[in-house]
Structures are given as C-alpha cells and as structure tokens.
**Q** 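Here you go, one structure.
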Amino acid sequence: MAHARQDDTLTAAPPPGFLDDLKAISERKRRTLMLAHEYMVPNRVETFVGLGLPLVIGRREGYRIWDLDGHELLDLHLNGGTYNLGHRHPDALAALNDALADWDIGNHHFPSEPRALLAEKLARLTPGDLHYTVFAAGGSEANDVAIKSARYATGRRKIVCLESGFHGSNGLSGAAGNDDNARYFHSDFPADFVKVPFNDLDAMQNALTPGDIAAVLIETIPATAGFCPPQDGYLEGVKSLCERFGTLYIADEVQTGLGRTGKLWAVENWGIEPDILVTGKGLSAGLYPIAAVVMTRAVGAWLKEKGWGYVSTFGGAEIGCLVASRVLDICSSESSLANARSISEYLGKQLTELQRRHPFLTGIRRTGLVMGLEFDDAMGGILMSTQLYKHGLWAMFAGFDFSVLQFKPGLLVDEPYCDLVIAKLEAALSDVENKRAAG
Ligand SMILES: Cc1ncc(COP(=O)(O)O)c(C=O)c1O
C-alpha cells in the first residue's frame, strides 16, 4: 500500500526542474531521485545533481560501484573508509552470512560471546594500555561516549578540538566539529568546546594551560579538511601537553584507522598512545553497522561503578561484532598492511609524475592510503569530482575545503587498479586544464 501511495504522489507531481538536464535517464533512476528529493533530503539531491553528480549507486563489488543506469566507477571515496576492504568483501560477507545463521543483535544488557571476544581483540590490537570497549552503532555515537567518559574520568567539562575537525552529527560529537553546523541547529556549546587551528601547538598550549580541559578530541589526519598531515612533532606535542595538564587524548580514528596509513592505527605512526581510541566506518565492512570506543582502565573506571551508565540497543550488535572481528583480522594482517604501504609508494610516484605534467595539480597529501589532492582553484576539488565522475571514478571533494579532493584507495587494491585510477585522473586533469585554457 505504501508503495502505491508513493507512486500516485509521483505520478501526480510535475517533474521537478532539477532533473530536466539529465539526459537518457532510466525511469527507475528518475523515480529514485524524485522520491529522495520529495521524501528525504531535497537540498542534498539537488546539490549533487546540480554539480553533475547524479549518482544513484546500484551494483557494487570490490572497489567498483555502478550507477543504477550502469555507469561504472572506481570507488576512491569508500564512504570515508567504510569500504576499506572493498564492497562486499567475500570473507566479511561469509562472516555476515554465518552470523545470520545463528545470531541476531543480541540483548545489550547481558554479556555476549561475540561482543566479549571482539572487546578482547580490540584491547589486544590497540596501542598502549587501551583496555575497555564500549560499542556503538556509529562513529558519532562513539565520539559522544568518548567525550562523556573523558568528562567523568577528569571531573572536567571542556573539550578541545580542531576548527577543521569532524566527529559526527550527534549532540556532543556535533558540537565538537565544525561550528557552522552545530550553530545552525542551536546545538553548539561554545563554552564547553574550545576550537583551535590544526598544526598549531601554541594555540593548543594556550587552550590547555588553564588546566580545565577534560580531553583533546582529534582526528589523527583531519578527513573533512582534506587529509592535511600533521606537521613533524605536532601530535607528539599535543600528547605531551595533554600529559602536562592532566588532559586526556582522544584519537578519532574513524577514517584513519584499520590499516589505512600502513599501520593498524594512524596514531602508531607518531608513537601516540591515546587514552581513548574511537573506530567505526570500516569496522563494519560496510555490511553491518558498528563502532567502538576503546579506553584505558583509568578512563573506563565508570564501567566498574555504573553498569547502566551507557546503554545502546544496537551498539555492539552480535552480528556486527562477528563481522568486525573478521575485519580486524584482515586489516591487522601483515600482508594487508604491507599492501597499504607499497600501494601508497606506487601511487605516490605516479602522482608526482602527474603533478609534473599537470600544473592544475598543485599538491599531494599522502600518509599511506590516506590522501588528499590539492588543486589550483578554490573549487578545484569539486571540479575534479565532477570531471572524474565522467571518466568513471568517484572521489569526493573535502567538505571543509573545496579546493581539495579526498583520494582514498582501498586497503587491498592492486597496481593494475592504480594504473586505471591514474589514467582517469590524468584524463580529468587534462579536461579541466583545457577548459581553463579555453577561458
Ligand atoms: C573522523 C570521523 N569521525 C566520526 C564520524 C561520524 O561517524 P558516523 O557517520 O558513523 O556517525 C565521521 C563520519 O564521517 C568521521 O569522518
């Protein structure tokens, strides 16, 4: 019945003008775009269509996706690393199917075998003394738990975060990120969330000096800002300032963890042992939502006092735990990590070559497979997203810096795949440069 009603609405509605420019669009895709526009997020649908990115993802396999109308795209977006292992990775899919045979979400009040085993694995695989895990259904929720845990552990309220950080869209995680969005929803807490610029140790020191900061919440390589790497000594400096002022260090590894930098966790590249580590996205294999907050015994002391201090029906769903456990095995294997490192080098060389031939490509940010490309135009990232889409590659511009393209190859890609990526990138660069030359 619900379907019939939607169809009636659509038949009655005049086609919205935003689809007028789309040529040769199937009825199925047109209907999906119109339904999404009518019943979901009109502004987002209009924006993507307006940019020439009318993507409606249909088939997906490995590191490729196909638009509903068949347009094939190499996936260099991976939804922020959700598809780090590729879409529908066979082992993760097998873990999911096996799980479905015997398990369900479970009852979050009680001890559970898949949840307990995954928590033990996370304690083993995370750096330093990280010990307790609280599971969540997504990264935003996990960051909220991290902030609350830090507040209770220190008895302090304030959190320092980066002006260019993104930690999710919920209450606390939303307030910790970009100010515009939180303010828009009257959900900012300027007195509680102190924002400092990235790579500025003096600003960090000034913020921490009063001694009233519970935690620094920081993405190891800020994703939405376009993966600008930390300068030498920055993260180590932040950590030692934290120790000096009794402030906890929360590493948001939602995008940078799970092998993407060539180490299982990006913080390991700088020898940082955080007090709290947050992971999500790729932990799910893109198959079953799950995120996790891993904290030291000291930070997680509340777990010994207040068993119901945090409960989440879907956090740590047993099916998700079984998938995540397989994901961790794959991501932590030496062969996956070695692949990340060698592919990073391979792409790094080719990108440097491209940069020599194409002045529009002005900079390459690269930490393992965590990459951002800089262009000679304030809107260069958007221009390249659109042009690459035409050439069969989906990579998304950085949300806080439209001059940059997030460039995210998967953990298990091989050299022939990278050659295709580079060929498409070169074609898109030539197109943009020719258009600019033609004025
Ligand atoms: C670094 C980082 N942290 C947290 C989140 C929030 O994760 P989720 O969308 O699962 O709530 C994101 C999402 O993009 C992210 O990039």
Side-chain angles (χ1 to χ4, degrees), residues 41 44 75-84 134-150 159 161-178 180-182 185 187 193 195 198 215-230 235 249-261 265-267 272 274 276-294 310 312-317 320 323-324 327 365 367-372 395-401 404-408:
V41 202
R44 202 188 297 172
D75 189 358
L76 271 272
H77 175 221
L78 305 179
N79 210 358
T82 305
Y83 302 105
N84 191 29
V134 176
F135 290 109
S140 309
E141 184 189 337
N143 276 319
D144 276 27
V145 174
I147 291 168
K148 284 156 67 139
S149 303
I159 305 293
C161 20
L162 300 179
E163 286 167 356
S164 56
F166 181 81
H167 304 285
S169 307
N170 290 354
L172 299 176
S173 61
N178 178 262
D180 291 349
N181 214 31
F185 288 110
S187 302
F193 290 87
K195 308 286 165 70
F198 183 49
V216 171
L217 168 59
I218 185 165
E219 288 175 83
T220 311
I221 310 167
T224 314
F227 294 123
C228 195
L235 292 177
Y249 185 112
I250 308 175
D252 182 340
E253 292 262 346
V254 167
Q255 289 226 19
T256 52
L258 300 172
R260 296 200 46 70
T261 63
W265 309 105
V267 279
I272 307 287
I276 306 178
L277 183 146
V278 177
T279 179
K281 286 198 186 273
L283 191 63
S284 71
L287 290 172
Y288 207 95
I290 188 162
V293 192
V294 197
Y310 185 79
S312 167
T313 304
F314 299 130
V323 173
V327 166
R365 303 170 176 176
T367 315
L369 300 170
V370 173
M371 300 190 206
M396 191 153 166
F397 47 88
F400 295 158
D401 183 351
V404 175
L405 185 76
Q406 295 180 326
F407 198 69
K408 306 183 236 191

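Atom set for the values below is all heavy atoms of this structure, side chains included, hydrogens, waters and symmetry mates excluded. One-based numbering, in listed order, for ligands and for the atoms of each.
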**Q** Just by distance, do the side chain of Glu253 and the backbone of Ala266 share a donor-acceptor pair under 3.5 Å?
**A**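 Checked: pair present.
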**Q** Check Val278 against Ala146 and note the closest heavy-atom contact, atom names and distance.
**A**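 So the minimum-distance heavy-atom pair works out to CG2-CB, 3.9 Å.
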**Q** Listed by chain and number, what are the ring-ring contact (aromatic ring centres under 6.0 Å, His included) partners of Tyr83, not counting sequence neighbours?
**A**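 In terms of ring-ring contact (aromatic ring centres under 6.0 Å, His included), with neighbours along the sequence ignored, Tyr83 is linked to His87.
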**Q** How long is the span from the CD1 atom in Ile276 to the CG atom in Asp252, to the nearest 0.5 Å?
**A** 11.5 Å
**Q** Backbone N or O of Ser164 within a donor-acceptor pair of the Lys195 side chain at under 3.5 Å?
**A**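 Checking the backbone N and O of Ser164 against the side chain of Lys195, no donor-acceptor pair under 3.5 Å is found.
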**Q** Residue by residue, ordered by chain and number, which ones reach under 4.0 Å of ligand 1 with a heavy atom?
**A** Gly138, Gly139, Ser140, Asn143, Phe166, His167, Gly168, Glu219, Asp252, Val254, Gln255, Lys281
**Q** Carefully, step by step, assess Glu163 and Phe400 under the rule side chain to side chain contact (heavy atoms under 4.5 Å, CB included).
**A** CA-CA 10 Å; Glu163 286 167 356; Phe400 295 158; over 6 Å; no
